[in-house]
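Below: the structure, in structure tokens.
Note that the numbering runs from 1 along the sequence shown for the chain.
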Amino acid sequence: MKKFIETIKNIFAIEDLRTRIFNTLFFIAIYRLGSYVVLPGVDASRLKQGGAEGLFGILDTLLGGAFSHASIFALGIMPYISASIVLQLLTIAVPYFQKLQKEGESGRKKINQYTRILTIPIVMAQSVGFIATINAEAIIAPGPLFTISTMLIITAGTLFCMWLGEKITDKGIGNGISMIIMIGIVSRFPGAIIGEAAAKGMRGSLIFLIELVVLFLVVMAVIVLTQAVRRIPVQYAKQVGGTTQLNAQRQFIPLKVNAAGVMPIIFAQSLMFVPAILASVWQNDSDTASYIGQKFSDYTSWQYNLVFATLIIVFTYFYTAISVNPNQIADDLKRSGGFVPGVKPGRDTSEHIDEVLTHITLPGAIVLALIAIFPALALLAGVTRPFSAFYGGTSLIIMVGVVLDTLNQVESYLLMRHYDGMMKTGKLRGRSTQNVALAS
């Protein structure tokens, strides 16, 4: 406890870090206040009670209830995330965007600008779908004027959230976009845990305690999955430049066990609604279609979870293949005079990295799939629906990733100012601790 208090004092003793923390809290407070500002022309008392379900329920969790509240931040930062995914895929398929990605900082700025521009048509298209989900009785004066004004307000709200995220990145701590998503998720946790405790009551206090222990173990598993890396040793030859001589250095390439992050779950979830939609078209003409529609509309069925887990494993390999380029890593090593001991530079090094990456991706993909389906297992075990969402899936992985990234930045500030880090032993593994940067 004494070590913890001393660390807090050290954090607030650094003026720049203290300012960034207060800036982050200020921007987060603005975002949360905006989440409760209801759209003009909507009667909040007539909105559907109990929140959204299905895909909308997942979206509502990520947005901290802004979706079900029909607020001006109803779509939050999610259209920007969609635009980012589209641009990321374009950097693989379109030569022009591949060239921009290789141009360094100037190329990244252009890609970010294209992402912002693409966000506008995406949010306007999604706002039409959002309007259709609002309870008709809650709309005071339905009509074209309400639709157009709501589309403009939601678009402005998303762009404002995007601006807040960028301000948190520049003036605060952590990645602003990820921080906004995490705050939306965390805001639902107190209500979920209180609701679970009330549902169990005094007689179920032991079961509730066991649920908390299981939740703790799941969080630890996600942390291990997020932090786990396979280190490939790299040797740099002795270099002589002018009057200086650099001795041979031994470093490593850290290949993450889960290089794909949360993206496989997002991709898989977007596809899991396709069978139910297709089956609903033919369910009146076929008993099989009706059966498929029923099973794939229930995310606790074993059929749904089997297909869901399989898609996650497939997408993990796919996204890892497009985000980590062994050929480029091997070329960068060769140009800098580095080599993997026992492996020839060039093609052999690329094949070696690819083989290692393939081997470590399988256990990472399996664990990621298990974490993704764990909320369904928790719901079947008797956990209430709001609380079960925190047992895995997109929500938990995003929360853990953002917290670790933020702690890593705080740790860097402390060590830079010659303070003790937040941990007596070991260290947080973040982007800044990698010895050899992986080419994206």
Side-chain angles (χ1 to χ4, degrees), residues 55-56 58-63 66-67 73-132 151-152 154-166 169 175-182 184 258-274 277 311-312 314-325 328 368 372 393-395 397-398 401-402 438-440:
L55 174 62
F56 299 136
I58 297 171
L59 182 61
D60 194 41
T61 300
L62 297 177
L63 295 173
F67 188 91
F73 294 162
L75 296 180
I77 206 70
M78 303 314 294
Y80 178 79
I81 301 297
S82 301
S84 300
I85 294 173
V86 172
L87 263 296
Q88 194 168 13
L89 295 175
L90 288 177
T91 56
I92 302 166
V94 181
Y96 172 73
F97 290 100
Q98 290 178 354
K99 183 181 177 181
L100 285 180
Q101 192 178 34
K102 295 177 181 178
E103 288 181 358
E105 185 63 27
S106 61
R108 282 193 293 271
K109 287 183 178 179
K110 289 182 180 179
I111 292 176
N112 289 337
Q113 188 63 27
Y114 286 134
T115 304
R116 297 188 189 100
I117 295 172
L118 183 59
T119 301
I120 296 175
I122 289 178
V123 67
M124 293 193 74
Q126 291 182 352
S127 63
V128 176
F130 167 74
I131 293 172
M151 288 174 61
L152 293 175
I154 291 177
T155 301
T158 293
L159 295 180
F160 183 73
C161 290
M162 185 175 66
W163 179 82
L164 281 178
E166 292 177 352
T169 302
N175 182 286
I177 302 298
S178 301
M179 182 73 71
I180 285 178
I181 297 175
M182 187 205 71
N258 180 30
V262 74
M263 296 309 299
I265 299 180
I266 294 176
F267 285 152
Q269 277 180 337
S270 63
L271 288 182
M272 287 307 297
F273 295 94
V274 174
I277 293 174
L311 285 176
I312 289 173
V314 171
F315 279 125
T316 300
Y317 273 97
F318 168 75
Y319 202 81
T320 300
I322 67 176
S323 59
V324 182
N325 190 342
Q328 188 170 348
L368 186 64
T394 313
S395 304
I397 295 176
I398 290 175
V402 175
L438 298 180
S440 57

Atom of Ile180, atom of Cys161 and distance for their closest heavy-atom approach: CD1-O, 3.3 Å

Atom pair CG/CG of Asn258 and Leu368 - distance to nearest 0.5 Å: 5.0 Å

Nearest atoms (heavy-atom pairs only) where Phe97 meets Thr91: CB-CA, 3.7 Å

Non-neighbouring partners of Arg116 that pass side-chain hydrogen bond (donor to acceptor under 3.5 Å, both in side chains), sequence neighbours left out: Gln113, Glu166

Whether Tyr114 and Tyr96 hold their rings parallel, tilted or perpendicular, with breakpoints at 30° and 60°: perpendicular

Heavy-atom pair of closest approach, residues Thr320 and Ala259: CG2-CB, 4.1 Å

Nearest non-hydrogen partners of Phe130 and Ala74, listed with the distance: CZ-CB, 3.5 Å

Side chain Thr115, main chain Ala83, donor-acceptor under 3.5 Å: no

From OG1 (Thr158) to CE (Met78), nearest 0.5 Å: 10.5 Å

Atom pair CG/OH of Asn112 and Tyr80 - distance to nearest 0.5 Å: 5.0 Å

OG-CD1 distance between Ser395 and Ile181, expressed to the nearest 0.5 angstrom: 10.5 Å

Where Asn175 and Ile177 come nearest, the two heavy atoms and their spacing: OD1-N, 3.2 Å

Distance (rounded to the nearest 0.5 Å) between Ile265 CD1 and Leu311 CG: 12.0 Å

Ser127 to Leu75 - nearest heavy-atom pair and separation: N-CD1, 3.8 Å

Gap between atom CD1 of Ile111 and atom OG of Ser106 - 0.5 Å precision: 9.5 Å

